[in-house]
Amino acid sequence: MTYSTLPPRTPAYWRALYDSLPDEPTRISVSNVAIMANPEACPNCFITAAKHKWKRPYQFPAPAVMQYHDKTQKWLYTELLRRDQSLPRCFEFLRDSIAVAPIGRLECTDLDSHMFVYGYPDVVLENDRGTVYLVDNKTAQVKTEDCPQFYQFRAQLNLYAWMLQHGPHRRRVERTALVHFVGTGSTEKEHILEHWKDGSQKLCAPLTPVVVEVELNFDEFVRPLLDRVSSLLTGRTKPRRNPECPDCLLLESFLKAQQGQSFTDEMRWADSRTRQRLEARKRYLTNQDGIQEPETDQEFLVCPGILPYGVLSLWNFDDDVN
């Protein structure tokens, strides 16, 4: 009996074999991809946030009241359709919806950009033609094309629609819409009782849904965006600072301040996340490396690439943070 001889498995052999294996696709959420659709987005801030796994220490969760509004707006479609078998007239072309599709998470791997994109659309509505409507709720005033955020919202909807059609669900999206729940009540003190319901003893927020249809065009709003984000994340394109971005130096200084932290006795019993936040804030305020301190307690900086009003817009400058 003879045995075939195999070449020795040298380190070079295993290295070549490892290099030949395909890399895992880059995982990124729809909201983070859509950042770069904003015409005022800063590629340098984008890459800085990506390097820190999008866990921006200065960004806090949405207030509880906004989370409550988000839930109730999503439930509204289901209950209206259950009760009336149609949506009210104010929902315009969405009125012929017959059900809310049980679709939560969306995901899709794009082979061209080698990215794994995922996200959670607000509402997917089914109609009797076998197609779906895609809805993204916004508790805010209507954003038009003169607002940089409009392009970010349009990219989000197009990305969700692209994943619905090319991902595991394979659903054809007929139309998409932003539904802005706009505050329409008076903010004058003498009109506050108009929003108070004596029977239930509740203060009700006067929100009116305004439907804004968003154009669907994967070739224009998805393909170039995925290629641009992939090029930035892989280093094929060098991220350059937006010359109009005031956040770059602030962000770099903030992250630098987090290095080599020491904890004081007063923070001994705080949890690790709170200690990190308080110490980073202290270092940021006392060691700004020549960066001018904001004139107000909470200055709104303009860099919609990270947040609508700048990366530090949600930072709390109160002295008694605890």
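Nothing here was measured: the structure is a model prediction, and the numbers come from that model.
When atom types are taken as modelled, the side chain of Thr72 and the backbone of Tyr68 share a donor-acceptor pair closer than 3.5 angstrom. With hydrogens and angles ignored, the 3.5 Å screen pairs no side-chain donor or acceptor of Glu213 with any backbone N or O of Arg175. Judged purely by atom type and a 3.5 angstrom limit, Lys143 uses its side chain to pair as donor or acceptor with the backbone of Gln141. Checking side-chain atoms of Asn217 against main-chain N and O of Phe221 turns up no donor-acceptor pair under 3.5 Å. Asp122 places a side-chain N or O within donor-acceptor distance of the main-chain N or O of Asn137, the cut-off being under 3.5 Å.
Around atom CZ of Arg240, no more than 12 heavy atoms belonging to other residues, nucleotides or ligands sit under 6.0 Å away. For Arg236, the CZ atom counts as densely surrounded, since its 6.0 Å shell holds more than 12 non-hydrogen atoms of other residues, nucleotides or ligands. Within a 6.0 Å radius of CD in Gln201, no more than 12 heavy atoms belonging to other residues, nucleotides or ligands are found.
Annotation: Tyr120 is not in aromatic contact with Tyr160 [ring centroid separation under 6.0 Å not met].
Considering Leu134, Leu125, Asn127 as possible partners of Glu174, the one that fulfils the side chain to side chain contact (heavy atoms under 4.5 Å, CB included) test is Asn127. Paired with Val135 under the rule side chain to side chain contact (heavy atoms under 4.5 Å, CB included), one option of Val214, Thr176, Val179 passes, and it is Val179. A side chain to side chain contact (heavy atoms under 4.5 Å, CB included) with Asp136 is found for one member of Arg154, His180, Gln156 and no other, namely Gln156.
A donor-acceptor contact under 3.5 angstrom links the side chains of Asp110 and Ser113, judged on distance only. Side-chain N/O atoms of Asp146 and Thr144 include a donor and acceptor closer than 3.5 Å.
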